[in-house]
Amino acid sequence: MSRVLIVGAGLTGSICAYLLHRGLFSKVRVSVWDKSRDSGGRMATSQNPSNTSCTVDLGAQYLTATPYYAKVHKSFYEELLLHGIIKPLEATIEGLISNEEGSVNYVTPSGVSSIVKHYLKESVMEEAERQMLEDVSYSSRYALGLFYKAGVRISVPWAAKYVSDNPCIRYVAIDDKKRNLEVSEECGPSLVVHTTVPFGVQHIEETAEDVKSIILQELKNVMPDLPEPESTSCQKWRYSQVTRSVPERPGQVTLSSRPLLVCGGDGFTRSDFDGCVGSALKVFDVLKSSL
């Protein structure tokens, strides 16, 4: 069986993957790579950080099917219409100039990126496998590190603490005390704050810099005597810990045997050291048996 790697998950790449999967399913295995975090290329749709149901097309705005291409590419338009990916453009666009008499314009109810996602969905993996991976869910949270000058002392009787009565802060740790390190005259202490999951979910689309100020303010309520840090580092964990893993597939799933494509990670087990070790062992077993 031949292996095909398509570099670029824009419209052309996604349609190529779709055609290969549909026409040569038993002869090729297709992988699609893209440098961006998401597929679409210039068929780009962006979400409102405060309300993900509100979207805007940043790239292509609509499709125009001329009479010639409406006939030549009829099956493509029919499929997209059948799945509700596109629909006729009925709204008024002031200044719109028709390229050719008889042309039809189409818009995408879910944004132009939905066209690319449709073709990728129909090409790279089977529906059952795709749904299995999509069903995995993670919690989200922020972590804020605070660094202090040498000589600063953080006078608390604990090395780490879980906070149960704050809507923002869930966990605080004095890092050097947690690791049982000797107090250094050259290096000051450091402290880390982990937010609650509800707080992380609520603010996940905001910038780490904006959220940092909220965390620092809440930290003053939890530790009012805490000195001012020399510097800080805020980390957004969009995928913090698995809340629902892949069912009945402990450790890994093999999406393709040739080329070998194996998925592993805590999404197949649980979010701790042993979960990751268990997944790595399962992936290793698959790789070893293929050699």
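Worth knowing before you read on, the calculation uses all heavy atoms, side chains too, and leaves out hydrogens, waters and symmetry mates. Nothing fancy with the numbering, it's 1 onward along the sequence.
- Side-chain atoms of Thr243 and Ser137 form a donor-acceptor pair, as typed in the model, at a separation below 3.5 Å.
- Ser46 approaches Leu58 most closely through the heavy-atom pair CB-CD1, 3.5 Å.
- Once rounded to the nearest 0.5 Å, the distance linking CD1 of Ile115 with OG of Ser110 reads 10.5 Å.
- Note: Phe76 CZ to Tyr119 OH = 5.5 Å, rounded to the nearest 0.5 Å.
- Taking CD1 of Ile15 as the reference point, atom NE2 of His118 lies at 9.5 Å (rounded to 0.5 Å).
- Aromatic ring centroids of Phe199 and His203 lie under 6.0 Å apart.
- Taking hydrophobic clusters as Ile, Leu, Val, Met, Phe, Trp and Tyr residues chained together by side-chain heavy-atom distances below 4.5 Å, Phe147 does not share a cluster with Val156.
- Cluster membership for Val72 and Tyr18, using ILVMFWY side-chain heavy atoms within less than 4.5 angstrom, is not shared.
- Every pair passing ring-ring contact (aromatic ring centres under 6.0 Å, His included) that includes a residue from residues 209-240 is listed here, sequence neighbours excluded: Tyr138-Tyr239.
- Every pair passing side-chain hydrogen bond (donor to acceptor under 3.5 Å, both in side chains) that includes a residue from residues 144-170 is listed here, sequence neighbours excluded: Asn166-Glu218.
- Using a 4.5 Å heavy-atom threshold, the side chains of Met223 and Leu191 count as touching.
- Counting heavy atoms from C-beta on, the side chains of Thr269 and Ser245 never come closer than 4.5 Å.
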- Message: Working note: Val246 + Val253, criterion side chain to side chain contact (heavy atoms under 4.5 Å, CB included); need CA distance, chi angles, decisive distance, verdict.
- Response: CA-CA 9 Å; Val246 175; Val253 60; 5.9 Å; no
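- Nearest approach of Tyr142 to Ile215, heavy atoms of both residues: CB-CD1, 3.9 Å.
- For Tyr171, the OH atom counts as densely surrounded, since its 6.0 Å shell holds more than 12 non-hydrogen atoms of other residues, nucleotides or ligands.
- Taking each heavy atom of Val112 and Ala60 in turn, the nearest pair found is CG1-O, 3.1 Å.
- By the 4.5 Å heavy-atom criterion applied to side chains, Tyr62 and Thr64 are counted as neighbours.
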- Item | Verdict with supporting geometry, Leu226 and Lys220, side chain to side chain contact (heavy atoms under 4.5 Å, CB included) | CA-CA 7 Å; Leu226 193 66; Lys220 291 181 179 179; over 6 Å; no
- Message: Show, in sequence, the C-alpha distance, side-chain angles and deciding distance for Leu216 and Leu146, and conclude whether the side chain to side chain contact (heavy atoms under 4.5 Å, CB included) test is met.
- Response: CA-CA 10 Å; Leu216 287 171; Leu146 290 80; 3.9 Å; yes
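- Residues Lys178 and Asp175 form a side-chain contact, since some pair of their non-hydrogen atoms from C-beta on lies under 4.5 Å apart.
- Here the CG-OH distance, from Leu63 to Tyr77, works out to 6.0 Å after rounding to the nearest 0.5 Å.
- For Ser140 (side chain) and Arg238 (main-chain N/O), a donor-acceptor pair under 3.5 Å exists by modelled atom type.
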- Query: side chain to side chain contact (heavy atoms under 4.5 Å, CB included) between Leu24 and Val4: does it pass, once the steps are laid out?
  - Reply: CA-CA 11 Å; Leu24 300 171; Val4 176; over 6 Å; no
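- Here the side chains of Asp266 and Ser279 are not in contact, with every heavy-atom distance at 4.5 Å or above.
- Residues Val197 and Arg141 form a side-chain contact, since some pair of their non-hydrogen atoms from C-beta on lies under 4.5 Å apart.
- The structure places OG1 of Thr108 at 9.0 Å from CD1 of Ile86, a figure rounded to the nearest 0.5 Å.
- When side chains are defined from C-beta on, Gln61 does not count as touching Leu89, because their heavy atoms never get closer than 4.5 Å.
- Shortest non-hydrogen contact noted between Glu206 and Gln202 is OE2-O, 4.3 Å.
- The pair Asp285-Lys282 does not meet the salt-bridge criterion, since no charged nitrogen lies less than 4.0 angstrom from a carboxylate oxygen.
- Both Ile169 and Ile154 belong to a single network of hydrophobic side chains, linked directly or stepwise wherever heavy atoms of I, L, V, M, F, W or Y lie under 4.5 Å apart.
- A donor-acceptor pair is defined here as one N or O able to donate and one able to accept, closer than 3.5 Å; no such pair exists between the side chain of Ser14 and the backbone of Leu120.
- Tracing side-chain contacts under 4.5 Å through hydrophobic residues (I, L, V, M, F, W, Y), one never reaches Leu144 starting from Val192; they form parts of separate clusters.
- Taking 4.5 Å as the limit, every side-chain heavy atom of Cys234 sits out of range of all side-chain heavy atoms of Glu209.
- The two residues Ser113 and Thr45 come nearest to each other via the heavy atoms N-OG1, 3.1 Å.
- A donor-acceptor pair is defined here as one N or O able to donate and one able to accept, closer than 3.5 Å; such a pair exists between the side chain of Lys236 and the backbone of Ile204.
- Between Ser31 and Leu261, the shortest heavy-atom distance links the atoms OG-CD2, 4.4 Å.
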- Decide side-chain hydrogen bond (donor to acceptor under 3.5 Å, both in side chains) for Thr254 and Gln252; before the verdict, give the C-alpha distance in whole Å, the side-chain angles of both, and the deciding distance to 0.1 Å. CA-CA 7 Å; Thr254 302; Gln252 62 83 31; 3.0 Å; yes
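- Sorted by first then second residue, the side-chain hydrogen bond (donor to acceptor under 3.5 Å, both in side chains) pairs that include residues 190-201, not counting sequence neighbours, number zero.
- Put simply, CZ on Arg22 and CD on Glu122 are 10.0 Å apart, with the number rounded to the nearest 0.5 Å.
- Taken together through direct or relayed side-chain contacts under 4.5 Å among Ile, Leu, Val, Met, Phe, Trp and Tyr, Leu11 and Tyr106 form part of one hydrophobic cluster.
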